[in-house]
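Everything on this sheet refers to the single structure shown next.
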Amino acid sequence: MPNNKLLEHLNPKQQEAVEHIAGPLLIIAGAGSGKTRVITYRLVYLLANNVPGWNILAVTFTNKAAEEMRVRVDKLLREIFPGTYTAPPLLSTFHSFCVRVLRQDIEQIGFKRGFVIYDENDSLSLIKQCLRELNLDEKKTRPKEALYIIDKAKDDLLDAESYQIYAHTSHNDVRQIAAEIYRRYQKKLKDNNALDFGDLIMLTVHLWRSCPEVLQRYQERFRYVLVDEYQDTNHAQYILTKMLTQKFQNICVVGDEDQSIYMFRGADIRNILDFEKDNKNCKVIKLEQNYRSTRHILETAQKVISHNKDRKSKELWTANKKGDPVDFYEVVNEIEEASFVAGSIRRLVKEDVRPLEIAVFYRTNAQSRVMEDALRREQLPYMVIGGMRFYERREVKDILAYLRVLVNPQDSVHLKRIINVPNRGIGKTSLEMIEKYAAEQEIGLPEALQQLDLIAGLQDRAKKNLRGFRQQLQNWSAARINLSTSELAAKIIEESHYIKELEADPQEASERIANVKELISAIKEFEEQSKDKSLETYLEQVALISDLDSWQQEKNYVTLMTLHLAKGLEFNYVFMTGLEEGLLPHANSLATQIEREEERRLCYVGMTRAKRRLVITSAAERRVNGVRRWNIPSRFIAEAELIEREIEKPFVENTEMTPEARHQIPESGFKKNQRIGHEVFGAGRIIEVSGSGEDQKIIVDFNSGVRKKLLVKAANLKVL
DNA sequence: TTTTGATAACTTTTT
DNA sequence: GTTATCAAAA
């Protein structure tokens with residue numbers, strides 16, 4: 001009975017995918033083909049056929065995808081089994097699944113269970129330390145490059161020793177240096193009791209390889225495994241999945257090679273292209289009916305992607321109506337492009353389209369600025385996703401660093417971050433002395449802090465301050481027992497006088513203080529929602545979170561994001577901007593066929609996000625890194641067989657200063673205390689002037705309460 | 001020790 | 001054009 005109910009909302013192919021219970025299954029899910037629906041139905045179908053939720057694992061790449069799936073499974077379960085409780089499957093990201101495994105058994109491979117997770121910046125600071133110790137010049141050996149090589153190695157399951165052998169046999173200087181850095185870097189991670197993202201996967205495989213009984217436990221438990229976005233798995237994740245499912249072979253992978261856009265992050269498209277070869281008796285189901293887009297949009301996207309050689313044959317079709325043709329406009333420059341898009345959005349909104357139905361995509365984050373300005377001018381609500389993430393803000397990282405040091409006393413990276421924040425008079429020299437001492441004694445920074453008296457040359461004042469700091473840390477550590485995470489954070493902010501430190505910079509203070517408060521709210525929210533409210537769990541969750549996770553389609557604003565972040569989402573109205581040679585495809589991705597094909601997939605992903613209307617723009621001239629560049633329309637325009645449309649009305653309003661307004665600016669520039677008006681921020685008073693002529697900058701207190709630093713020549717100001 | 005000015009970098013980035 | 005980073009000046 002529940003079976004029929006489950007299957008009746010699905011097309012025949014989808015039904016087939018849902019009904020396949022045992023043995024390997026590959027679902028090629030074209031864009032908009034109801035992938036999430038199939039996955040949730042399949043999970044519930046398994047439960048309905050007496051597979052315990054306990055035995056099922058579904059792996060996604062993002063928290064957001066996992067959360068969405070969780071909600072949908074839950075809802076469907078309540079429909080199918082009203083009034084009864086059925087244990088749901090475990091829905092997890094690769095990384096959080098691995099953290100779970102490692103927290104349990106990592107001691108078997110010589111690590112401590114209480115490890116913390118380092119993000120890219122944490123890793124970079126360790127790399128820089130390694131470079132210094134190896135006397136390598138940061139300009140010759142770039143930390144980012146070294147980290148990239150190490151990351152790649154981990155994605156390929158090469159640990160430091162294996163990589164060293166590989167580097168040695170390949171007689172490649174760069175690799176040999178990288179191998180040396182890798183070794184040191186791993187040692188430092190271990191000394192800090194930390195793992196990076198790559199370690200989470202690699203060490204899980206390592207653990208399973210060296211402890212078959214642990215692997216067996218997981219094989220026995222997770223007899224049914226499903227992996228979403230399989231085209232984005234790297235080699236390590238591929239091996240991990242393979243090991244886990246070796247015994248029962250109930251592996252279902254879902255993906256679309258045409259939407260593989262993370263090869264640059266180590267994803268290996270071969271994993272999905274070769275899945276059939278790898279699993280002999282594997283069943284393949286192609287979902288080719290698109291439920292999302294109009295025929296015009298789908299056909300245009302198909303035309304583009306058909307130029308890729310490295311793909312399986314797949315022909316998407318839709319029963320949806322034809323809709324409007326895809327629009328293509330060529331504009332003079334990025335400013336007009338932004339005004340045009342903003343103007344179009346204004347018209348849509350006037351026609352009662354809600355802003356939440358609209359998205360603007362671009363290739364690079366830098367493109368968002370101009371677009372934001374235009375939307376602000378039109379007074380349209382918008383939200384930029386990505387770019388500077390909340391948890392990457394300085395003040396947020398500072399507070400978290402305090403918490404991390406309390407949880408993991410071995411953490412030198414974060415201890416170093418806060419040792420002089422707020423200012424305790426521990427300057428560069430003092431810090432260097434302590435670090436030198438630590439290096440000599442072969443101990444960590446935290447341990448060195450316990451031996452202040454033994455450090456030669458350290459100023460008495462510095463010693464005194466450090467003792468105070470040490471005492472504070474101890475007090476907070478002791479206070480942990482009686483306080484919740486949010487209370488502890490509040491106590492630290494209070495007692496360290498962190499807010500006072502922020503107030504020293506009047507321009508940034510209000511925003512930064514707001515972020516600190518926001519952090520406290522975030523911790524409180526965590527405490528309300530999470531079962532395990534411990535500080536450790538909070539920090540772990542923060543380490544594995546992304547900006548996209550906070551995005552909600554329900555909020556009524558226009559969404560601005562990169563094409564990469566758009567994957568998996570859909571909007572009624574989509575504007576794709578900057579379709580120019582050099583931007584999309586990006587100049588840095590033109591070298592190889594592989595890269596060019598990934599750019600094309602990126603374009604395809606963007607196009608297939610649109611449900612009703614797709615508008616594409618390209619600018620003849622654009623400012624890139626401060627210099628004007630002339631570009632020709634993207635090759636994808638021709639491939640899509642798009643015809644340029646004329647812009648009907650001039651959308652450019654107010655982008656140039658009128659001669660009248662220009663006259664109002666005094667020859668000598670602006671003066672302190674002068675009252676001025678700004679298009680967006682309104683009226684305000686100048687509180688500080690710096691620079692002169694073209695470079696003149698002013699700081700203004702606006703009546704609305706915000707304080708801004710503005711470049712006079714760019715701000716389009718009026719004298720009041 | 002702290003502030004400042006010069007210098008280079010800059011594609012995308014689920015975790 | 002913006003931003004992070006580092007050496008030199010205050």
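Both backbone and side-chain heavy atoms feed into the values below; hydrogens, waters and symmetry mates do not. Residue numbers begin at 1 in each chain, while the letters A, B, ... track the order of the sequences.
In this structure, of B:dA9, C:dT5, B:dT1, it is B:dT1 that holds the atom nearest to the side chain of A:Arg461. For A:Ser430, the listed nucleotide lying nearest its side chain is B:dT1; candidates were B:dT1, B:dT11, B:dT13. Considering only side-chain atoms of A:Thr62, the nucleotide from B:dT1, B:dT12, B:dT15 that sits closest is B:dT15. Ranking B:dT13, B:dA9, B:dT11 by closeness to the A:Thr364 side chain, first place goes to B:dT11. The side chain of A:Thr429 lies closest to B:dT1 when the candidates are B:dT1, B:dT15, B:dA9.
Remark: aromatic rings of A:His564 and A:Phe264 are close, center separation under 6.0 Å.
Phosphate proximity of B:dT13 to A:Asn365: present, with a side-chain N or O under 4.0 Å from OP1 or OP2. Listed pair A:Asn423 / B:dT1 fails the phosphate criterion, with no side-chain N or O lying under 4.0 Å from OP1 or OP2. Contact annotation: A:Arg369 side-chain N/O to C:dT2 OP1/OP2 distance is under 4.0 Å. Neither OP1 nor OP2 of B:dT15 sits under 4.0 Å from any side-chain N or O of A:Ser96. The phosphate of C:dT2 (OP1 or OP2) has no side-chain N or O of A:Asn625 nearer than 4.0 angstrom.
Centre separation under 5.5 Å together with a plane angle under 30° does not hold for the ring of A:Phe264 and the six-membered base ring of B:dT11, so they are not marked as stacked.
Checking A:Glu229 against A:Gln231 by side-chain atom types alone, a donor-acceptor pair falls below 3.5 Å. If you check the side chains of A:Glu337 and A:Thr577, you find no donor sitting under 3.5 Å from an acceptor. Using a 3.5 Å distance cut-off with no hydrogens or angles, the side chains of A:Tyr538 and A:Ser530 do not pair a donor with an acceptor.
Between A:Leu544 and A:Gln459, the residue anchored closer to the 5' end of DNA chain B is A:Gln459, taking for each the nucleotide with the nearest heavy atom. Both A:Phe61 and A:Ala462 lie near DNA chain B, and the one whose nearest nucleotide falls closer to the 5' end is A:Ala462.
The stretch residues 583-598 of chain A touches DNA chain B through A:His586, A:Asn588, A:Ser589, each having a heavy atom within less than 4.0 Å of the strand.
By the 4.5 Å heavy-atom criterion applied to side chains, A:Ser618 and A:Asn631 are not counted as neighbours. Within the 4.5 Å cutoff, the side chain of A:Glu334 has no heavy atoms near those of the A:Gln367 side chain. Within the 4.5 Å cutoff, the side chain of A:Ile272 has no heavy atoms near those of the A:Val253 side chain. The shortest side-chain heavy-atom distance between A:Glu581 and A:Ser634 falls under the 4.5 Å cut-off. Looking at heavy atoms from C-beta onward, A:His414 lies in side-chain contact with A:Tyr118 at the 4.5 angstrom threshold.
For A:Arg265 against B:dT15, a side-chain-to-base donor-acceptor contact under 3.5 Å is present.
Residue A:Asn234 is classed as having no contact, given no heavy-atom separation below 4.0 Å to the nucleic acid. Among the protein residues, A:Arg601 comes within range of no part of the nucleic acid, since none of its heavy atoms lies under 4.0 Å from any strand. A:Leu565 comes within contact range of the sugar-phosphate backbone alone, with a heavy-atom separation under 4.0 Å but no base atom that close. Residue-level contact check: A:Gly568 touches neither bases nor backbone, having no heavy atom under 4.0 Å from any strand.
Atom-to-atom, CD1 of A:Ile385 to C1' of B:dT12 comes out at 16 Å; the value is rounded to the nearest Å. Taking atom CG of residue A:Leu102 and atom P of nucleotide B:dT15, one finds them 18 Å apart after rounding to whole Å. At whole-Å resolution of the value, CZ in A:Arg623 and P in B:dC10 are 20 Å apart. Taking atom CD1 on A:Ile545 and atom P on B:dT13, their separation rounds to 17 Å, with Å as the unit. As rounded to whole Å, 15 Å separates atom C1' of C:dT3 from atom CZ of A:Arg393. Distance CZ (A:Arg629) to C1' (C:dG1): 14 Å, rounded to an integer number of Å. Atom pair A:Ile419:CD1 and B:dT1:P shows a separation of 11 Å (rounding to whole Å applied). Straight-line distance from the CZ atom of A:Arg622 to the C1' atom of B:dC10: 15 Å, rounded to whole Å.
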Does the pair A:Phe97 and A:Phe222 meet the rule for a ring-ring contact (aromatic ring centres under 6.0 Å, His included), with working shown?
CA-CA 12 Å; A:Phe97 174 73; A:Phe222 296 112; 5.8 Å; yes
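Remark: DNA chain B takes part in the stems B:1-10 with C:1-10, each of 3 or more antiparallel Watson-Crick or G-U pairs, criterion distances under 3.5 Å.
Looking at A:Arg635, A:His586, A:Arg363 one by one, the single match for side-chain hydrogen bond (donor to acceptor under 3.5 Å, both in side chains) with A:Glu599 turns out to be A:Arg363.
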